[in-house]
Amino acid sequence: MSASFPSALPSLRGRIGHDARSGYYPVPHRYRLHLSLSCPSSLRIAVVHSLLGLDDTLPITVLPALPDAGADGYTALRPLYEASSHRYTGPAQAPVLSDGWSGRIVSTDAVEILTDLAGRFPGPDELRPRGAASAIEAVRQLCERGIDAPAQRAGRVDADPAERAEGLSALLDGLDAVERRLASHDHVLGDDLTLADVQLWTTLVQLDTVHRWHLDADAVDRIADHPHLWSYAGRLAGHPAFGHHLDLDGIARRHHSHCRGEEAAGAAMQIVDWAQHARPRLRTAG
């Protein structure tokens, strides 16, 4: 299976507008996002940024799919990390929310960045409705523990067949739970688009563009047998705020740069035609 890049320093977790003593006020043109769209966390943030219409309020620096300094991360982010943490020697990784006033990092925590964007920079649609925080968090946990983690177990080439089968069974249970929700609603929490949909959509992108490479044809066929779920994924991909940020070539290069396993038969069975929705300059060649 593919390995994740090393996590950024967990203590860099400032919040916008939550603590007046921090000085991080939700004002326009102060902050900047540094994102690599091949990374699921960065992709989620980019989608929310577009849904909120923050292009003129909070600019984005798009980083390459792969860090230019290898295990040390991104050269462009190194000054921010070093200014934010004394004698920092860890990897300079994305995503990063930086403060233009101080030249330091506000946060590297993707979940909290998303929450603050949706809560402190309101857009045309309310992505984090009042009273929905626990439901949004439950969907995030379902995506991480019920879809992403079991998909990784199901595709581990060094696991025995029983362990892979257990992973696939847990994955199918997670997909079944979401399929039932989407059978009667346009979005995962009801009729309105929320942060939960951004989380689920990027998880499905990862499942179909990364984890699928390590699953056999039968497993992919069973995963694809969730018509409401994959119709929903394709529909959201057609929304400019979603599909516009798909870097399919970058996702593939990120995956294969860390993949040490052999491709399985499921690799040829893509479920959604993501390429038709990706922005032209980010479409996979060929």
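The shortest side-chain heavy-atom distance between Arg128 and Thr194 does not fall under the 4.5 Å cut-off. Between Val48 and Leu52, the closest side-chain pair of non-hydrogen atoms falls below 4.5 Å. At least one side-chain heavy atom of Trp230 sits less than 4.5 Å from a side-chain heavy atom of Ile223. The side-chain heavy atoms of His245 and Ser50, taken from C-beta on, include a pair separated by under 4.5 Å. Using a 4.5 Å heavy-atom cutoff, the side chains of Leu12 and Tyr81 are in contact. Side-chain contact between Trp101 and Tyr31: absent, with no pair of heavy atoms (C-beta onward) separated by less than 4.5 Å. Residues Leu97 and Ile16 meet the side-chain proximity criterion, which asks for heavy atoms closer than 4.5 Å. Using a 4.5 Å heavy-atom threshold, the side chains of Leu33 and Ile113 count as touching.
Smallest separation of non-hydrogen atoms from Gly234 and Val272: CA-CG1, 4.3 Å. Scanning all heavy atoms of the two residues, the minimum distance from Leu248 to Ala278 falls at CD1-CB, 4.3 Å. Across all non-hydrogen atoms, the minimal contact from Ser36 to Tyr74 is OG-OH, 3.2 Å. Ala110 approaches Pro95 most closely through the heavy-atom pair CB-CG, 4.1 Å. The minimum heavy-atom distance between Leu215 and Ala151, with the atom names listed, is CD2-O, 4.5 Å. Minimum heavy-atom separation, Ala118 to Leu127: CB-CB, 4.3 Å.
Take Arg140 and apply the salt bridge (Lys or Arg N to Asp or Glu O under 4.0 Å) test, not counting sequence neighbours, and it matches Glu137, Glu144.
Using modelled atom types, one side-chain atom of Ser84 and one backbone atom of Leu80 make a donor-acceptor pair closer than 3.5 Å. Between the side chain of His185 and the backbone N or O of His187, no donor-acceptor pair lies under 3.5 Å. Remark: the backbone N or O of Glu82 is not paired with any side-chain donor or acceptor of Ser85 at under 3.5 angstrom.
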Tell me, with the steps shown, if Val210 and Val205 meet side chain to side chain contact (heavy atoms under 4.5 Å, CB included). CA-CA 8 Å; Val210 174; Val205 170; over 6 Å; no

Is there a side chain to side chain donor-acceptor pair (under 3.5 Å) between Asp197 and Tyr232? Walk through the geometry before answering. CA-CA 10 Å; Asp197 295 290; Tyr232 157 92; 2.7 Å; yes

Residues His214, Arg164; criterion side chain to side chain contact (heavy atoms under 4.5 Å, CB included); working and verdict: CA-CA 11 Å; His214 298 276; Arg164 290 170 63 98; 5.9 Å; no

Can you list the steps and then say if Arg120 with Tyr25 is a side chain to side chain contact (heavy atoms under 4.5 Å, CB included)? CA-CA 9 Å; Arg120 306 298 169 177; Tyr25 306 110; over 6 Å; no

Taking it one step at a time, do Arg15 and Thr115 satisfy side chain to side chain contact (heavy atoms under 4.5 Å, CB included)? CA-CA 9 Å; Arg15 304 298 301 274; Thr115 300; 3.9 Å; yes

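Taken from CG in Asp273 to CD1 in Ile271, the straight-line distance is 12.5 Å, to the nearest 0.5 Å. The distance from atom CZ of Arg235 to atom CG of Asp186, rounded to the nearest 0.5 Å, is 5.0 Å. The structure places CH2 of Trp274 at 7.0 Å from CG of Leu246, a figure rounded to the nearest 0.5 Å. Here the CD atom belonging to Gln93 is positioned 9.5 Å from the OG atom belonging to Ser42, to the nearest 0.5 angstrom. Note: Ile105 CD1 to His34 NE2 = 7.5 Å, rounded to the nearest 0.5 Å. Rounding to the nearest 0.5 Å gives a distance of 5.5 Å between CZ of Arg78 and CG of Asp72.
Ion pairing of Asp99 with Arg104 is absent here, as no side-chain N (NZ or NE/NH1/NH2) approaches a carboxylate O to less than 4.0 Å. The pair Arg153-Glu166 does not meet the salt-bridge criterion, since no charged nitrogen lies less than 4.0 angstrom from a carboxylate oxygen.
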Between side-chain atoms of residues 56-68 and protein atoms elsewhere (two or more places apart, or another chain), which donor-acceptor pairs fall under 3.5 Å?
{"from": "Thr61", "atom 1": "OG1", "to": "Arg32", "atom 2": "NH1", "distance (Å)": "3.0"}
{"from": "Asp68", "atom 1": "OD1", "to": "Thr75", "atom 2": "N", "distance (Å)": "2.9"}
{"from": "Asp68", "atom 1": "OD1", "to": "Thr75", "atom 2": "OG1", "distance (Å)": "3.4"}
{"from": "Asp68", "atom 1": "OD2", "to": "Thr75", "atom 2": "OG1", "distance (Å)": "3.3"}

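Residues Arg13 and Ser107 bring no donor and acceptor atom of their side chains to less than 3.5 Å of each other.
Following chains of ILVMFWY side-chain contacts shorter than 4.5 Å, one cannot reach Leu117 starting from Val111, and the two form parts of different hydrophobic clusters.
Sorted by first and then second residue, the pairs that involve residues 174-183 and meet side-chain hydrogen bond (donor to acceptor under 3.5 Å, both in side chains), not counting sequence neighbours, are Asp176-His226, Glu179-His228.
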